[in-house]
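A short write-up of the structure that comes next.
Chain letters run A, B, ... following the sequence lines, proteins first, then strands; residues in each count from 1.
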There are 2 protein chains.
Amino acid sequence: MKEGTSWTQIREEVLRRINERIWQPGELIPNEADLAEEFHCARTTVNRALRELATAGIVTRKRKAGTRVAVNPPHKAVLTIPIIREEVEAKGGSYRQSLLIRENRSLPAFLAGAFRVSETTPLLYTETVHFSDNRPFIYEERFTSLTAVPDFENADLLAETANEWLVQNAPYSGGDASFFAVSADAKLARAFDVAIGEALFATERSTWLAEAPITHVRLVYCPGYRMRTSF
Amino acid sequence: MKEGTSWTQIREEVLRRINERIWQPGELIPNEADLAEEFHCARTTVNRALRELATAGIVTRKRKAGTRVAVNPPHKAVLTIPIIREEVEAKGGSYRQSLLIRENRSLPAFLAGAFRVSETTPLLYTETVHFSDNRPFIYEERFTSLTAVPDFENADLLAETANEWLVQNAPYSGGDASFFAVSADAKLARAFDVAIGEALFATERSTWLAEAPITHVRLVYCPGYRMRTSF
DNA sequence: AAGTGGTCTAGACCACGCC
DNA sequence: GCGTGGTCTAGACCACTTC
């Protein structure tokens with residue numbers, strides 16, 4: 001049929017009225033039926049536009065109570081956690097990795113809180129340096145549960161990074177991540193060729209599949225690295 | 001009417017088939033019409049389910065090419081950037097701020113790349129320490145454009161933080177953020193009572209409204225702080 | 001009880017993109 | 001060309017929430 005207004009146009013118009021304070025924060029905006037009449041379109045189309053705005057946190061919707069302009073702008077940013085090889089190559093660098101350690105280890109005590117496997121779970125520990133244009137870029141320390149991913153013990157980690165192998169072979173249902181600063185210890189200082197105590201950006205991530213822990217990884221980035229996002 | 005299957009049920013069933021590798025990564029899944037027939041529902045309902053999965057990055061969709069299981073799990077995390085007062089109070093701490101500096105400044109050269117205002121734009125510079133239970137929590141340095149937000153010059157920043165005032169009074173259309181590590185300089189070392197050179201976690205954010213820069217802020221967190229998120 | 005958003009249907013046309 | 005997803009319609013019933 002293609003008459004009236006498209007849902008994206010309605011979304012933009014509503015956004016405009018909110019940004020120009022025609023509809024104030026906290027204020028009730030017209031209901032779907034009225035907006036459909038104003039825009040000469042079906043109520044479904046208005047619904048789509050407002051639903052997207054609600055998902056984005058711009059408005060809040062409740063049955064019977066109606067649709068209101070959200071009081072707080074959505075202080076949210078989507079963080080994309082890239083595959084290291086892709087991050088390096090996206091910046092035009094050449095990627096290389098060096099596998100330093102690969103051995104079975106039990107869970108170290110300091111990880112008991114972050115990585116919830118029992119002390120007897122067999123784990124594979126790997127330590128890898130990722131290079132960008134032959135300069136050390138990321139220092140990776142990873143524990144992977146061989147209970148959750150038995151095949152990982154036989155993975156060829158020289159051809160493929162642990163990250164890539166797991167992405168291809170171990171689905172996960174959730175995870176958590178943290179971001180912080182560390183001082184370079186002797187090992188990191190040597191790896192990055194900086195002084196001991198240098199401030200480095202680091203992240204830790206755990207992933208699991210239906211409550212079963214899969215892997216825990218700590219990445220320490222080279223000096224000066226910034227993780228970026230837009231919103 | 002309420003027959004067939006709801007779109008959430010379809011979404012869950014598709015997710016199940018993907019997680020159980022019934023549909024492999026990269027593989028083409030049946031088209032909307034066929035799935036609608038299988039689930040005894042309208043094509044619109046299948047469309048809704050698959051659209052949500054595409055938004056979440058679980059599948060990729062192209063006209064004519066069809067719907068495929070995404071090769072990479074969505075390495076995405078939604079980062080909520082909290083209001084500092086709320087972050088402190090959510091952890092059960094008592095919040096207090098101390099406004100150290102409030103004066104007009106022109107744009108410092110080192111920010112020219114990050115905060116794109118002209119050199120002649122009048123800016124208000126504020127420097128604030130945020131406390132949690134009377135311990136210094138965050139050191140904030142902020143530049144705010146008085147062209148974009150003239151009223152900010154008269155804001156009562158003792159009653160309300162700059163962040164809160166801007167959230168209430170200055171809508172924004174976008175922004176970017178970066179996350180990194182810094183070494184404590186003399187000022188930060190004194191503020192947090194740590195040694196010079198200590199590694200601290202920091203973020204920088206800029207926001208703008210329709211290309212017009214509003215504010216640029218650098219937050220340096222207390223030693224040991226971790227920013228966390230789940231996915 | 002009544003108003004409002006949430007969802008579903010059946011059908012239609014359109015837009016993109018592979019061939 | 002033509003198959004596939006993207007969108008829109010008009011109508012209907014449902015579910016939740018406030019009154």
How close or far is atom [atom2] of [N] from atom [atom1] of [X], stated in whole angstroms?
| X | N | atom1 | atom2 | value |
| --- | --- | --- | --- | --- |
| Glu32(B) | dA12(C) | CD | P | 17 Å |
| Asn47(A) | dG6(D) | CG | P | 18 Å |
| Arg11(A) | dT7(D) | CZ | P | 10 Å |
| Arg68(B) | dG5(D) | CZ | P | 11 Å |
| Leu28(B) | dG5(D) | CG | C1' | 12 Å |
| Asn31(A) | dT4(C) | CG | P | 5 Å |
| Arg43(B) | dC14(C) | CZ | P | 14 Å |
| Glu52(A) | dC8(D) | CD | C1' | 15 Å |

Whether the [X] and [Y] side chains hold a donor-acceptor pair (N or O, under 3.5 Å, no angle test) is what I'd like checked.
| X | Y | answer |
| --- | --- | --- |
| Tyr125(A) | Glu127(A) | yes |
| Glu52(A) | Thr55(A) | no |
| Thr128(B) | Arg142(B) | no |

Report yes if at least one side-chain N or O of [X] is closer than 4.0 Å to OP1 or OP2 of [N]; otherwise report no.
| X | N | answer |
| --- | --- | --- |
| Lys64(A) | dA15(D) | no |
| Thr67(A) | dT4(C) | no |
| Thr45(A) | dT9(D) | yes |
| Thr44(B) | dT7(D) | no |

Would you check, one step at a time, whether the test side chain to side chain donor-acceptor pair (under 3.5 Å) holds for Arg228(A) with Ser178(B)? CA-CA 4 Å; Arg228(A) 296 170 192 280; Ser178(B) 63; 4.7 Å; no
[X] side chain: which of [options] is closest?
| X | options | value |
| --- | --- | --- |
| Trp7(A) | dA10(D), dT18(D), dT7(D) | dT7(D) |
| Arg61(A) | dG5(C), dC8(D), dG5(D) | dG5(C) |
| Ser6(A) | dC8(D), dG5(D), dT9(C) | dC8(D) |
| Arg63(B) | dG11(D), dC16(D), dG5(D) | dG5(D) |

Would a distance-only check, ignoring hydrogens and angles, find a side-chain to backbone donor-acceptor pair under 3.5 Å from Asp133(B) to Arg135(B)? no
Of Arg48(A) and Ala65(A), the one whose nearest nucleotide on DNA chain D sits closer to the 5' end is Arg48(A)
Comparing Gly66(A) and Arg51(A) on DNA chain C - which has the more 5′ nearest nucleotide: Gly66(A)
